Enquirer: 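Got a structure for you, written out below as structure tokens; questions coming shortly.
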2 protein chains.
Amino acid sequence: MNEAVVLTPERILEATEDVLRRFGLTKATVVDVARALDVSHGSVYRHFPSKASLRDAVAKRWLDRANEPLCKLAAGSGPAPERLEKWLRTAFNIKQKKVCDDPEMFATYLALAQGAREVVEAYKDKQVDLIAKILSDGVAQGEFEIDDVKTTARAVFDATVRYHHPAHAEEWAKPECPSRIDALIALLLRGVRVCKH
Amino acid sequence: MNEAVVLTPERILEATEDVLRRFGLTKATVVDVARALDVSHGSVYRHFPSKASLRDAVAKRWLDRANEPLCKLAAGSGPAPERLEKWLRTAFNIKQKKVCDDPEMFATYLALAQGAREVVEAYKDKQVDLIAKILSDGVAQGEFEIDDVKTTARAVFDATVRYHHPAHAEEWAKPECPSRIDALIALLLRGVRVCKH
DNA sequence: TGTCTGACAGATATTGAAATCTGTCAGCGG
DNA sequence: CCGCTGACAGATTTCAATATCTGTCAGACA
């Protein structure tokens with residue numbers, strides 16, 4: 001068996017992303033994916049039970065890739081306030097870069113994510129865990145004063161929804177956006193920091 | 001001239017709301033509105049230059065009506081922290097009540113608002129002004145410590161987007177929602193309060 | 001034996017012709 | 001004179017026929 005012609009889930013996902021990039025979400029069909037791989041569409045169903053599951057797998061790949069730098073930041077060390085600020089700004093930048101670089105692809109990703117509820121839910125939970133990690137580091141450092149870290153992490157995530165949820169993407173390009181982000185981050189940091197007299 | 005048969009913008013708006021309620025946004029036509037008023041559709045165009053402007057006027061009416069209790073709260077007196085909390089909770093309740101009581105009507109309102117950009121923008125600015133009013137009251141009372149009231153009001157508005165923007169409406173019914181709102185409000189209040197040692 | 005194919009049924013999407021709607025305006029009637 | 005009507009052109013929507021797609025499966029092929 002030639003390694004290159006073995007049909008694996010990985011190869012299918014790769015081809016699916018290509019097809020999505022070329023045709024867009026609404027036009028991309030399983031038949032297109034099969035054609036790109038030079039197999040019959042029945043073969044694709046051997047690896048993914050439905051088009052929906054294939055779509056979800058693609059969504060998961062994208063989200064995981066996008067999440068990687070944030071995982072590193074959360075795992076890092078250093079003063080928690082700076083790290084939290086950096087984490088939030090990075091989270092916003094990743095999304096904003098995506099939408100600026102390739103708005104059409106972003107629309108595809110958005111529509112994809114809207115369907116893949118479970119995948120997105122898991123992704124959000126991971127994000128909250130990352131914030132919680134930084135917050136608890138901050139508490140340990142004596143920089144933050146927080147009753148319930150997990151709950152507060154949720155609150156920070158909720159409070160920043162406007163700058164990471166795709167539903168608000170069209171607002172991100174506005175000129176007043178950066179200063180509003182600054183104000184929001186400042187407000188949130190004040191909300192978790194210990195009282196320095 | 002009989003008062004009842006004079007065709008006024010007000011009567012047209014009333015009839016338009018009725019028609020929207022009965023047929024929904026996608027099915028409602030200017031002809032339907034005219035029929036409800038027992039006039040020709042040409043007459044409607046005498047008062048509103050286009051269907052879009054009629055739609056915008058309806059949106060404005062709705063938003064203004066919804067906003068009324070919030071205006072009163074902001075104008076009131078009493079301790080600012082309690083007032084801010086009450087204001088935010090009321091804002092959320094108004095939206096959540098709308099979506100629970102009549103989801104179909106809410107969908108109509110949502111679609112309507114998506115089209116009426118300017119009207120919605122003005123409405124949001126008004127909301128921010130109301131928050132700013134409470135914040136500056138709080139500063140005067142020595143309860144809040146805020147550099148730039150207007151900017152912070154914006155930040156509070158942005159931070160609570162998840163619970164007043166219709167794009168997130170489907171999350172409002174979830175059981176964990178109230179506790180997440182509590183956490184968010186607590187975080188924001190901590191962010192504006194003076195440091196009490 | 002296990003992977004892949006290709007034909008098939010039912011579901012979904014496309015298409016173009018017909019129907020309806022929006023927005024205009026000349027003229028009617030009070 | 002002034003507000004309203006109703007017919008009209010162009011834009012938009014509907015609808016049903018047609019084409020394409022999804023998901024299955026019996027059998028080919030290695």
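Remember, predicted model here, so these are calculated numbers, not experimental data. Lettering of chains follows the sequences in order, A, B, ..., and the numbering in each one begins at 1.
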Enquirer: Is it the case that the side chains of B/Y163 and A/D158 hold a donor-acceptor pair, with the cut-off being a distance below 3.5 Å and no angle test?
Expert: yes

Enquirer: Could you give the OH-to-P distance, from B/Y45 to C/dT24, as a whole number of Å?
Expert: 8 Å

Enquirer: Can you tell me how far the CG atom of B/N93 sits from the CG atom of B/L70, to the nearest 0.5 Å?
Expert: 10.0 Å

Enquirer: From CG of A/L7 over to C1' of C/dG2, roughly how many Å is that when rounded to an integer?
Expert: 14 Å

Enquirer: State whether a side-chain donor-acceptor pair under 3.5 Å links A/D182 with A/S179.
Expert: no

Enquirer: Can you list, by residue number, the residues of residues 27-40 of chain B that have a non-hydrogen atom closer than 4.0 angstrom to DNA chain C?
Expert: B/T29, B/V30, B/V31

Enquirer: Measure the distance from CZ on A/F48 to P on C/dC4 and round it to the nearest whole Å.
Expert: 13 Å

Enquirer: Rounding to an integer number of Å, can you tell me how far B/K51 NZ sits from C/dT22 P?
Expert: 4 Å

Enquirer: Walk along nucleotides 25-30 of chain D from 5' to 3' and tag each nucleotide B, S or - by protein heavy-atom contact under 4.0 Å, base first, then sugar-phosphate.
Expert: ------

Enquirer: Any salt bridge between A/R21 and A/E17, counting N to O under 4.0 Å?
Expert: yes

Enquirer: Grab the CZ-C1' distance between A/R11 and C/dC4 for me, whole Å please.
Expert: 13 Å

Enquirer: May I ask you to decide if the ring planes of B/H165 and B/H168 are parallel, tilted or perpendicular, using 30° and 60° as cut-offs?
Expert: perpendicular

Enquirer: Taking the inter-plane angle between the rings of B/F106 and B/Y109 on a 0 to 90° scale, is it parallel (under 30°), tilted (30 to 60°) or perpendicular (over 60°)?
Expert: tilted

Enquirer: Quick one: does B/R11's side chain get under 4.5 Å of B/H47's, heavy atoms only?
Expert: no

Enquirer: To the nearest angstrom, how far is A/H41 atom NE2 from C/dA9 atom C1'?
Expert: 12 Å

Enquirer: In whole Å, what is the span from the NE2 atom of A/H47 to the C1' atom of D/dG23?
Expert: 16 Å

Enquirer: For a 4.5 angstrom cut-off between non-hydrogen side-chain atoms, does A/F157 reach B/L184?
Expert: no

Enquirer: For D/dT22, does either OP1 or OP2 sit under 4.0 Å from a side-chain N or O belonging to A/S50?
Expert: no

Enquirer: If the threshold is 4.0 Å, N to carboxylate O, is there a salt bridge linking B/R22 and B/D18?
Expert: no

Enquirer: Specify the separation, in whole Å, of atom CG of B/L54 and atom C1' of C/dG23.
Expert: 13 Å

